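First the structure, in the form of structure tokens, and then the observations on it.
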Amino acid sequence: GGNTEKPADTTEKPADSETTTETTETPEETDTASDALFDLAVTHDGDAISGGMLKVAMVKDEPFAGIFLAELYEDAYDADIMAYASNSLFEADGNFMLSDEGIATLEVDQDNNKVLVKIREGVKWSDGNPLTIEDVMLPYLIIGHKDYTGVRYDTQFKNIIGAEEYNAGTADTISGLKKLDETTLEISFKTLSPSIFYGGDGLWTYAAPAHQIGDIPVAELVENDAVRKNPVTLGAFKFDKIVPGESVQFVKNEHYWKGEPKLDGVIVQVVPSSSISVAIGSGEYDIVSSFNATKMPEIENYENITILGRPELYYSYLGFKVGKYDYENSKVVTDFEGSKMGDVKLRQALGYALDIEAVSEIYYNNLRERANSLIPPVFESFYNAELKGYTYDPDKAMSILDEAGYVDVDGDGLREDPNGEKLEIRLAAMSGDATQEDIISYYLQNWKDVGLNVTLTTGRLIEFNSFYDKVQADDPEIDIFMGAWGTGTNPSPSGLYGAADQYNFSRYTSDELEGYVVGIDSPQAFDAEWRAEQFKAFQEHIEEMATTIPMQFRYEIVPVNKRVKNYSIDYSEPTELHEIELVSENPVK
Amino acid sequence: MVSVSNDKNSNIASSPPTGFQVIFREFIKDKLALVSLIGIILVTAYVFIMAYLFINVDEIMRVSLRDKYAAPGEKFLLGADQGGRDIFGQLVIGAKNSLEIAIGVTIITSIFGIIVGLICGYFGGWIDNIIMRIIDFFITIPSLMLIIVFVTIIPKYSQYDLVLIISLFAWPGIARLVRSKALSEGKRDYVNASKTLGTNDFIIIFREIMPNLSSILIVETTLNFAGNIGIETVLSYLGFGLPPSTPSLGTLVSYANNPLILQQYWWCWLPAALFILIMMLAINFVGQAFRRAADARQRLG
Amino acid sequence: MWKTVVRRVVIMIPQLFVLSLLVFILAQFMPGDPYSGAITPETDPARIEELREKAGLNDPWYEQYVRWVGNLVQGELGKSYTFQRSVGDLIGEKATNTLWLSLLSVILLYSIAIPLGILAGRYNNSKLDKSIVLYSFISYAIPTFVLGLLFLYLFGYTLRWFPTVGSVSVGLDPGTLAWYWDKIYHLILPASTFAVLGTTGVIQYLRSEIIDAKSLDYVRTARSKGIPMRKVYSKHIFRNSLLPIAAFLGFTITGLLGGSIIIETIFGYPGMGQLFINAILSRDYSVITALVMLYGFLALLGSLLSDIIMSIVDPRIRIE
Amino acid sequence: MMFMQIDNLKVHYPVRGGFFNRVIDHVHAVDGISMEFEKGKAYGLVGESGCGKSTTGKSIIGLEKITSGKIIYEGEDVTNKRRDRKSAYNRDIQMIFQDSHSAMNPRKRVQDILAEPIRNFLSLSPQEERKRINELLAIVGMPEDAKLKYPHEFSGGQKQRLGIARAIATNPKVIIADEPVSALDLSVQAQVLNFMKDIQNEYGLTYLFISHDLGVVKHMCEHISIMYKGRFVETGNTKEIFENPQHIYTKRLLSAIPEVSPIGRIERKRERVNVETHYQKEHNLSFDEKGRVFDLVPVTETHFVAASPTIKEVI
Amino acid sequence: MKTTDELLRIKNLHTGFRIKDTYFDAVDNVSLSLRKNEILAIVGESGCGKSTLATSIIGLLDRNKTRIQGEILYKNKNLAEMTEEELNDVRGLDISMIFQDPLSALNPLMRIGDQIEESLIYHTKLTKEQRKERVLELLNQVGINNPERVARQFPHQLSGGMRQRVIIAIAISCKPQIIIADEPTTALDVTIQAQILDLLIDLQNETGAGIILITHDLGVVAEIADRVAVMYAGEIIEVAPVEELFSNPKHPYTRSLFNSIPQMSQENTRLNVIEGIVPSLTNLPREGCRFSSRISWIPEEAHEDNPTLHEISPGHFVRCTCWKHFHFKSDIGGSHHVYAD
Ligand SMILES: Nc1ncnc2c1ncn2[C@@H]1O[C@H](COP(=O)(O)OP(=O)(O)OP(=O)(O)O)[C@@H](O)[C@H]1O
Ligand SMILES: Nc1ncnc2c1ncn2[C@@H]1O[C@H](COP(=O)(O)OP(=O)(O)OP(=O)(O)O)[C@@H](O)[C@H]1O
Ligand SMILES: [Mg+2]
Ligand SMILES: [Mg+2]
């Protein structure tokens with residue numbers, strides 16, 4: 001949804017092939033890289049009615065999990081829903097950096113590895129209780145608690161001084177947290193990097209209502225009604241009624257610190273992908289989130305909606321296994337000689353052979369585009385627009401292959417390797433909807449056209465979870481794989497391309513690469529320009545090595561009914577939820 | 001007693017119970033069943049001949065993006081799907097696959113079910129007791145769910161695995177039916193007679209009892225066959241059927257999940273849906289004719 | 001009577017045991033586990049390993065099994081990984097929906113099938129009979145999902161008579177009349193699909209029972225008493241033919257539960273069937289195993305119910 | 001000379017019930033009967049429905065499991081050998097079934113039906129086999145073209161004759177006939193009975209003739225046993241039974257048989273009522289506390305009656 | 001006979017079954033009458049049309065598949081032409097029927113009491129209590145000892161004899177004028193048969209109803225019938241008072257039947273055998289003497305062309321004059337090995 005107040009989420013996540021979930025929780029930023037294919041904000045005129053319910057459809061074929069607490073939820077759709085009642089403390093600017101506009105402000109003391117979080121006075125929870133500094137501290141105590149079973153207790157979190165002791169049970173609280181006064185919290189970190197400005201390095205950007213959940217044991221929290229049924233929140237709207245897994249009704253939060261919302265409330269409903277288009281056409285919903293681009297033709301001609309669109313913080317890629325992960329010593333071991341995909345020419349040829357352009361056009365109606373780099377263009381300052389990428393060029397692919405000695409010696413139409421041995425390349429690809437199967441078969445076809453015999457690992461598309469299982473385990477059945485990352489707001493390659501990173505799936509590392517990866521997040525990188533340079537060099541290097549070939553960037557589109565006013569998905573000019581209005585009682589049909 | 005059994009005699013005496021003649025007469029009487037039977041045979045033959053001799057699956061399944069949703073016409077008899085693949089070819093191959101699966105499952109489950117059922121029904125006693133417990137177990141467990149679980153855990157699964165998985169859950173029903181019939185048939189005096197005449201049990205089971213159950217078995221097999229076409233398509237529809245890029249009727253029909261296709265690109269799903277419908281109807285009509293032939297009371301001819 | 005019921009229940013135990021073993025072993029074979037997708041660059045893989053260890057996923061399967069069965073026996077179904085809640089609560093919520101669906105389906109099914117079956121049987125060989133039989137053939141032949149999709153498209157999307165998502169509109173207070181009505185309103189489409197598909201069996205069964213019954217001796221006796229034909233039908237033929245149908249109820253309900261997987265998928269109805277498919281897709285074992293067990297248990301209960309009803313309605317097999 | 005003896009034969013069927021379907025009781029279908037067979041004679045077994053007549057026949061031929069007791073055939077104990085299908089005993093003892101229709105596999109032609117015992121018990125060449133079948137058909141008075149027909153193409157009497165042909169195919173010595181004519185009309189019944197008598201005389205067959213029709217038994221058998229609840233109440237030769245019935249149950253049975261003459265029917269009815277009241281009154285004396293029939297005690301050398309040891313003298 | 005005594009008169013009744021679009025008369029030109037206080041037995045071999053005749057009278061045949069011609073006069077009304085509704089006023093009230101198989105003739109799912117009560121509901125104006133009382137009274141009347149209990153039981157809980165008594169109770173519940181009993185004792189043991197027959201005699205003496213008793217057992221006939229009609233191939237071939245028929249059977253068929261009864265024969269003699277078999281409905285001989293083919297040694301000329309019933313002595317009618325020429329085949333030394341198809 002086009003919410004406005006989410007704080008930065010710096011984490012990158014693997015994106016599965018279809019859903020747009022991973023990136024829907026991204027904050028806003030000016031879209032500069034792309035020539036606006038779509039509007040970013042609605043321009044519906046008319047006199048607003050007073051109040052009214054905004055109906056939001058969330059396209060999803062499963063029920064939502066319904067964990068409405070930022071510290072605990074795992075399903076991105078929950079976050080989507082929570083956005084209407086967000087407990088977020090910070091707001092971000094167009095560069096995804098935390099701004100001073102939100103409830104709290106951040107002061108970073110780089111030298112002492114300390115930050116100060118200051119909250120506004122007079123902010124109230126949806127139940128009327130005032131926001132206190134304890135509410136800001138509580139999330140740390142939850143995540144760090146020994147009974148906490150989520151994934152947020154991670155390397156970053158351990159960067160907070162005292163977090164590990166607290167987690168081990170040897171300390172009653174996290175020593176790095178210090179309440180300075182009723183509105184200020186000081187947090188001490190082991191180290192600080194530029195990530196801190198994006199909400200990284202272990203900083204937590206949400207508050208939790210201590211007066212409501214402070215006394216609930218952490219182990220029981222996730223099933224507690226305070227999380228499931230009647231969460232107390234800070235956002236423009238507050239939870240009213242919940243049909244588990246299906247829909248949530250919000251009503252306006254009179255205590256909202258920015259002022260009373262103009263709408264009476266919001267209804268968010270899960271709608272299966274099969275029925276969404278028709279529902280949009282009949283004006284059932286005002287705003288549709290997680291709308292799949294492949295369905296674009298189904299709604300293209302509707303007159304009752306405006307289709308908003310913006311690039312997503314996402315890229316998909318073709319990865320090549322050129323080594324193994326050494327789990328004993330926790331490091332990536334690159335071995336070009338010993339890998340089937342060791343030859344850079346072969347990798348490049350595989351890249352040039354893919355007709356991603358056609359797929360983007362036909363299947364995705366140009367809502368996806370050929371990616372040229374591992375940094376989405378949204379990150380204007382980091383994105384290397386100069387890179388050519390591996391655009392479709394089968395002739396080039398073939399000549400490269402000929403050059404490299406991959407020629408068809410036995411005349412079966414398929415190339416053998418330079419030693420004259422049969423070459424079968426095993427591709428692991430994720431399953432998705434029906435389109436995904438077509439697309440993958442089309443890619444296989446592309447490769448066959450240049451004489452490469454690529455077959456599917458396990459003979460079929462692999463379900464999301466086991467796909468990453470296999471890829472991470474360096475399954476010998478996998479030579480190449482097609483994955484995707486949602487970059488989050490911090491596109492730093494650390495964690496994905498570093499020498500010790502398990503998620504460095506292609507298992508490529510080198511001194512040069514490691515230099516860039518480490519550099520980007522080093523204290524030196526507080527110098528923005530230097531950091532940007534490192535980013536660009538990183539992108540160039542990977543393009544050169546072709547161990548990971550970017551495939552597609554994508555657009556997120558949001559159909560909005562013409563009765564909605566003051567709605568925008570622009571990263572830089574976000575919608576203020578409390579400002580949204582409707583211009584008619586009933587949706588436009 | 002006297003007149004009852006005599007009545008029965010005279011009833012049966014008026015029409016011989018020998019299989020083919022009766023069946024033939026029944027079909028002559030019931031034109032719909034006849035047309036259905038001929039239709040099934042022709043369609044099946046056509047499908048198999050086309051599928052094995054004239055249609056190249058790789059060719060059919062080749063994605064041709066420019067032909068996305070091509071309408072029926074010159075190039076594609078029944079149009080093309082979103083991958084620009086020929087619907088007609090997919091229909092034929094899909095029909096072949098569905099039929100093969102249905103035939104495979106029917107044969108396996110029938111053979112297994114009939115043998116187990118006959119043995120249980122004839123011998124009774126502890127053999128029967130144990131096997132019936134097993135059968136009860138199979139019948140009460142949620143088979144669709146377990147089939148789905150199976151499909152997801154088989155690493156490299158193919159059409160044949162699917163046949164085996166479905167069969168695993170389908171035989172007990174047949175076995176139970178055959179058992180109950182064999183049980184009552186086994187009580188008839190000709191079985192006792194054979195026993196006293198020195199015939200061994202297995203000959204009695206397979207040469208005496210089985211032929212007498214043949215009409216019921218034919219009926220059941222026919223109706224099961226129809227059902228098995230159904231289960232394959234349902235599984236494919238749910239996404240747990242045939243492996244991907246194997247054309248399947250269920251997959252074709254599942255295109256209708258998308259309202260756009262349902263309405264505008266009807267050629268993607270409608271032919272497959274009609275094919276299933278007509279096939280099931282036809283098999284059912286044939287099955288009903290067999291059933292009437294098997295049951296003297298219902299005969300038309 | 002109670003003795004028999006208890007006996008049947010006792011017999012169910014080994015069946016459930018075997019089922020649990022089967023399900024558990026199958027689940028062990030499923031690729032991936034709930035943590036395998038939980039990867040972000042900042043997540044320490046060691047943390048995930050630690051979570052796995054904590055959840056006992058690294059123990060030998062038999063230990064996990066014993067633990068699982070132990071919990072199961074105590075009514076503790078485990079915790080869903082995707083929903084982060086007790087499976088019991090989760091299923092409880094969905095089961096209510098599915099049971100509503102089944103219930104309405106059964107009601108619709110019988111209210112369509114019984115009159116049709118009776119008419120076809122009573123006036124057999126008439127035009128009416130023939131069209132009813134044809135109807136029953138077609139409803140047998142038409143694949144569930146095709147009918148479901150057509151209904152959805154026609155009554156849901158095009159005519160917009162019925163809602164196409166969810167089980168109830170948000171904003172209604174549970175327990176109010178409006179809420180109940182809204183639930184039923186959401187159910188009508190899937191339930192009618194179900195009902196239409198289920199009619200075949202009942203119609204054909206009733207029809208042939210009635211046709212057979214007409215020539216039975218006791219019907220002749222009844223007629224020879226000089227009571228009106230209408231009464232002969234209602235008191236002897238229909239009653240006797242309908243009683244077994246009542247006894248099928250148990251089986252019908254379990255059949256419906258099985259079919260719920262398809263129907264709920266088509267209509268996006270949030271019940272146990274949909275939950276199952278989602279659980280399969282997200283490798284939520286505790287949900288998968290619990291659901292299979294529950295379905296198995298319900299199926300057994302259904303057949304028990306059928307037996308009990310049968311023994312109640314049919315004095316010949318009345319059990320003491 | 002007794003060439004076959006049945007000694008204290010018992011067949012009990014388990015009755016299941018209670019928890020776990022355990023055996024909770026037994027139906028004493030046959031509960032200790034003894035018989036002796038002389039070659040070439042016909043023995044009748046009479047009693048009301050469910051008294052165990054068929055069970056007796058079936059257990060002798062091996063179709064039912066014997067609970068206890070012995071069968072001695074030509075001096076040999078064959079009790080447990082009966083189940084060996086191809087044993088000499090099984091060849092020598094054959095059965096004619098009540099419902100001739102269901103006793104023949106409707107899917108088989110007459111020639112295959114008749115060939116079944118021949119193939120199982122006699123190793124004949126195909127020609128010899130064919131000859132034997134023709135012979136059999138001739139014996140039962142059927143033309144050769146009957147061979148190619150199916151059982152349903154024959155009338156009840158003809159089918160019964162085919163059944164007899166099958167039973168005598170292996171030259172058996174004993175034939176157990178379980179209600180062979182009760183499904184037939186009078187005139188057809190006559191045909192079959194005549195015929196059975198003829199072959200008995202011709203081949204010296206021994207019959208165990210089971211029937212509930214005393215008239216038929218009287219016509220066919222030299223020796224009659226009256227059965228009641230799995231036990232014999234009276235056994236003796238036909239004359240003794242009919243002219244000097246001892247047991248109250250026998251008397252009741254005899255009085256219930258309708259005479260084929262309207263003359264004197266009023267008296268017969270009165271007589272019936274008398275016997276019935278007598279039966280009801282004497283019932284307790286004639287059976288033990290559990291309603292079980294007493295052991296047999298001799299009346300004459302061939303005539304035995306069940307009587308309580310205490311009232312033996314009274315008789 | 002006085003006509004006032006006459007309860008039922010059947011005149012030239014034809015009842016045909018439709019088989020493949022043609023009607024075949026299973027009852028072919030039958031005329032009979034039943035008097036008050038009389039037991040009229042109809043005997044004949046299986047398939048000769050006895051049951052068809054009985055069910056024609058009470059109108060229980062499927063009207064779509066049968067054709068009834070002729071008259072069945074009861075109280076000057078022709079039952080054969082009555083509508084279903086009119087017949088319902090007669091059935092159970094004036095004419096009732098007893099069926100052969102006592103188990104299947106009772107509704108297995110209905111209590112005995114209710115089944116008996118049913119006809120009282122429609123034919124009498126008794127109150128509920130009165131009906132209940134009447135049910136018990138009826139059960140008593142048919143010799144059931146503990147009527148209260150039996151009334152509450154279901155058919156399967158009763159023995160065969162008891163069930164048949166219940167059926168009789170149903171039949172006599174409205175004190176009908178005519179009772180048609182189709183093989184009422186065939187399924188029963190001899191001892192029970194005797195009891196049921198005695199019961200029928202007693203009932204008839206009490207109520208004065210006319211009973212049509214259908215049976216193939218000549219012993220039963222001898223025990224209770226007043227008059228006997230012998231049927232063969234759809235026709236009545238001989239009618240006579242019972243003593244007359246048993247002492248002086250005339251028609252060759254009747255005589256053959258008598259001679260095939262084992263009881264009647266001397267010990268160790270051969271039983272009489274009738275050549276051939278009873279023809280099936282579709283190939284009944286429709287012309288001349290229908291029995292002629294089974295007594296082939298009687299010359300053609302001996303049979304009448306259109307045999308009619310001749311009254312040879314008061315009340316004794318015989319069809320065809322061939323009886324005069326009849327002598328037993330075995331008397332002339334024929335073989336008993338007869339094969340006919
Ligand atoms: N398989 C069986 N299991 C249990 N009880 C049985 C079985 N077969 C027969 N019986 C019982 O054994 C008793 C004797 O049966 P049997 O068939 O021998 O009687 P019968 O004298 O031949 O009767 P009928 O004249 O009706 O044929 C009956 O009470 C019957 O219910
Ligand atoms: N519903 C019917 N349809 C066609 N033919 C019938 C029908 N009912 C009886 N028949 C035939 O009519 C003839 C007379 O039958 P009916 O039942 O009256 O004989 P029956 O004398 O009562 O014989 P049984 O002693 O066996 O009861 C038989 O040939 C029979 O096959
Ligand atoms: Mg018997
Ligand atoms: Mg009859």
Side-chain angles (χ1 to χ4, degrees), chain D residues 46-51 137-143 146 149 153-158 161 181 183-195 197-198 212-220 238-239 249 252-263 265-266 268-269 272-273 276 279, chain E residues 43-48 160 187-195 197-198 201 216-226 228 241-247 253 256-265 267-278 280 294 335-341:
Chain D
V46 190
E48 63 188 52
S49 177
C51 69
L137 286 172
I139 292 171
V140 296
M142 306 270 249
K149 296 190 175 181
E153 294 173 73
F154 297 92
S155 71
Q158 289 168 335
R161 283 196 272 164
V181 292
L184 304 175
D185 268 329
L186 260 188
S187 59
V188 185
Q189 166 179 321
Q191 262 181 35
V192 173
L193 290 179
N194 281 348
F195 177 71
K197 276 216 137 163
D198 291 345
H212 63 261
D213 187 336
L214 269 171
V216 172
V217 175
K218 185 180 175 189
H219 178 80
M220 290 296 291
T238 308
K239 218 174 145 107
Y249 179 74
R252 177 174 179 242
L253 200 61
L254 290 179
S255 77
I257 306 170
E259 282 286 304
V260 195
S261 161
I263 298 156
R265 67 185 187 188
I266 317 262
R268 286 204 298 274
K269 188 183 164 199
R272 268 204 300 275
V273 176
E276 183 65 31
Y279 176 78
Chain E
V43 289
E45 280 176 291
S46 177
C48 67
L188 305 174
D189 274 325
V190 268
T191 45
I192 300 163
Q193 162 172 306
Q195 291 165 14
L197 292 179
D198 291 347
I201 297 170
H216 62 261
D217 187 336
L218 288 166
V220 170
V221 174
E223 290 292 346
I224 76 168
D226 297 318
V228 188
V242 67
E243 289 87 359
E244 168 77 8
L245 189 87
F246 276 72
S247 58
Y253 176 67
S256 304
L257 271 188
F258 276 115
N259 281 293
S260 50
I261 304 172
Q263 256 189 54
M264 298 279 284
S265 64
E267 249 164 74
N268 282 323
T269 53
R270 305 181 53 74
L271 301 171
N272 171 62
V273 165
I274 307 174
E275 200 180 308
I277 55 164
V278 185
S280 76
R294 301 184 70 182
S335 159
H336 59 272
H337 290 163
V338 181
Y339 178 79
D341 202 355

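Hydrogens, waters and symmetry mates play no part in the numbers below; they use all other heavy atoms, side chains included. In the text below, chain A, chain B and the rest are named by the order of the sequence lines, each starting its count at 1. Just so you know, these numbers come straight off a predicted model, no measurement behind them.
Contact tally against chain E (heavy-atom pairs below 4.5 Å) for D/Arg272, D/His212, D/Glu276, D/Met220: the top residue is D/Arg272. Chain D forms the most heavy-atom pairs under 4.5 Å with one residue out of E/Val190, E/Leu188, E/Thr191, and that residue is E/Thr191.
E/Ile224 touches chain D through its backbone: at least one of N, CA, C or O sits under 4.5 Å from a heavy atom, while the side chain does not. Both the backbone and the side chain of E/Glu223 come within less than 4.5 Å of a heavy atom of chain D.
Using modelled atom types and a 3.5 Å distance limit, the side chains of D/Ser187 and E/Glu45 yield a donor-acceptor pair.
Note that CD1 of D/Ile257 and CZ of D/Arg268 are 11.5 Å apart. Values are rounded to the nearest 0.5 Å. To the nearest 0.5 Å, the span separating CG on D/Leu184 from NE2 on E/His216 amounts to 10.0 Å. Note that NE2 of D/His219 is 11.5 Å distant from OG1 of D/Thr238, once rounded to the nearest 0.5 Å.
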